[in-house]
Amino acid sequence: QVQLVESGGGLVQSGGSLKLSCAASGFTFSNYWMAWFRQAPGKEREFVTAISWSVTNTYYADSVKGRFTISRDNAKNTVYLQMNSLKPEDTAVYYCAARRGNMMVYGSANWQHWGQGTQVAVSS
């Protein structure tokens with residue numbers, strides 16, 4: 001079965017950095033778009049960033065542009081999220097997602113597979 005397992009979350013000071021990982025199994029990783037979403041308590045799940053299967057196209061929410069970087073290693077079936085210059089408003093559970101398709105979509109309902117999430121907390 002499809003499985004996405006996030007790791008790397010934790011507590012960090014404002015301005016600090018974290019790197020999240022998402023290990024995928026149960027599907028042909030290289031054929032899927034990968035993304036990160038996040039959800040803060042009391043808020044809807046929101047798009048953070050995505051990367052195409054070819055690794056040539058990346059997309060970022062305006063709130064994280066210039067601070068976060070998505071990458072993938074198809075040989076390791078892993079997608080990463082490097083988070084720099086973290087802010088308290090970045091505090092959320094971060095979810096890895098996967099989608100088979102030929103165009104970028106932003107809505108969470110369009111993503112087929114999801115991980116369990118990893119908590120990121122940024123203190124001020």
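The figures here come from the full heavy-atom set of this structure, side chains too, leaving out hydrogens, waters and symmetry mates.
- Scanning all heavy atoms of the two residues, the minimum distance from Ser17 to Asn84 falls at OG-OD1, 2.8 Å.
- Met34 is not connected to Tyr80 by any chain of hydrophobic side-chain contacts under 4.5 Å among Ile, Leu, Val, Met, Phe, Trp and Tyr, and they are in different clusters.
- Other residues, nucleotides and ligands contribute only 12 or fewer heavy atoms inside 6.0 Å of the CD atom of Gln13.
- Using a 4.5 Å heavy-atom threshold, the side chains of Phe27 and Leu4 count as touching.
- Taken from CD in Gln119 to CG in Leu11, the straight-line distance is 9.5 Å, to the nearest 0.5 Å.
- Residue pairs that meet the disulfide (SG to SG under 2.5 Å) test with at least one member in residues 14-112, sequence neighbours left out, are Cys22-Cys96.
- Summarising the geometry of Asn74 relative to Ser30, their closest heavy-atom pair is ND2-CB, 3.8 Å, with the distance given to 0.1 Å.
- Here the CH2 atom belonging to Trp33 is positioned 13.0 Å from the CZ atom belonging to Arg100, to the nearest 0.5 angstrom.
- Just one of Thr49, Asp90, Leu20, Val12 meets the side chain to side chain contact (heavy atoms under 4.5 Å, CB included) condition when paired with Met83; it is Leu20.
- In this structure, the separation between CZ on Arg38 and CD on Glu46 is 4.5 Å, given to the nearest 0.5 Å.
- Around atom CG of Asn102, no more than 12 heavy atoms belonging to other residues, nucleotides or ligands sit under 6.0 Å away.
- One distance of note links OH of Tyr60 with CZ of Phe47; it measures 9.0 Å at 0.5 Å rounding.
- Tracing side-chain contacts under 4.5 Å through hydrophobic residues (I, L, V, M, F, W, Y), one never reaches Phe68 starting from Val93; they form parts of separate clusters.
- Going from atom OH of Tyr32 over to atom CG of Asn77 covers 12.0 Å, rounded to the nearest 0.5 Å.
- Under a hydrophobic clustering in which Ile, Leu, Val, Met, Phe, Trp and Tyr are joined whenever their side-chain heavy atoms come within less than 4.5 Å, directly or via other members, Trp36 and Trp53 fall into different clusters.
- Grouping the Ile, Leu, Val, Met, Phe, Trp and Tyr side chains by contacts below 4.5 angstrom, directly or via other members, places Val79 apart from Trp114.
- No donor-acceptor distance shorter than 3.5 angstrom exists from the side chain of Gln116 to the backbone of Glu6, with no hydrogens or angles considered.
- Looking at Ser52, its side chain does come within 3.5 Å of a backbone N or O of Asn57 through a donor-acceptor pair.
- In terms of heavy atoms, Val5 sits closest to Gln3 at CG2-CG, 3.7 Å.
- If you chain together hydrophobic residues whose side chains sit under 4.5 Å apart, Val48 and Val120 fall into the same group.
- In terms of heavy atoms, Trp111 sits closest to Val105 at NE1-O, 3.2 Å.
- For Thr118 (side chain) and Tyr94 (main-chain N/O), no donor-acceptor pair under 3.5 Å exists by modelled atom type.
- Here the CD atom belonging to Gln39 is positioned 5.5 Å from the OH atom belonging to Tyr95, to the nearest 0.5 angstrom.
- Smallest separation of non-hydrogen atoms from Ala24 and Phe29: CB-CD1, 3.5 Å.
- Closest approach of Ile51 and Ser71 over heavy atoms only: CD1-CA, 4.0 Å.
- A salt bridge links Asp62 with Lys65: the distance from a Lys NZ or Arg NE/NH1/NH2 to an Asp or Glu carboxylate oxygen falls below 4.0 Å.
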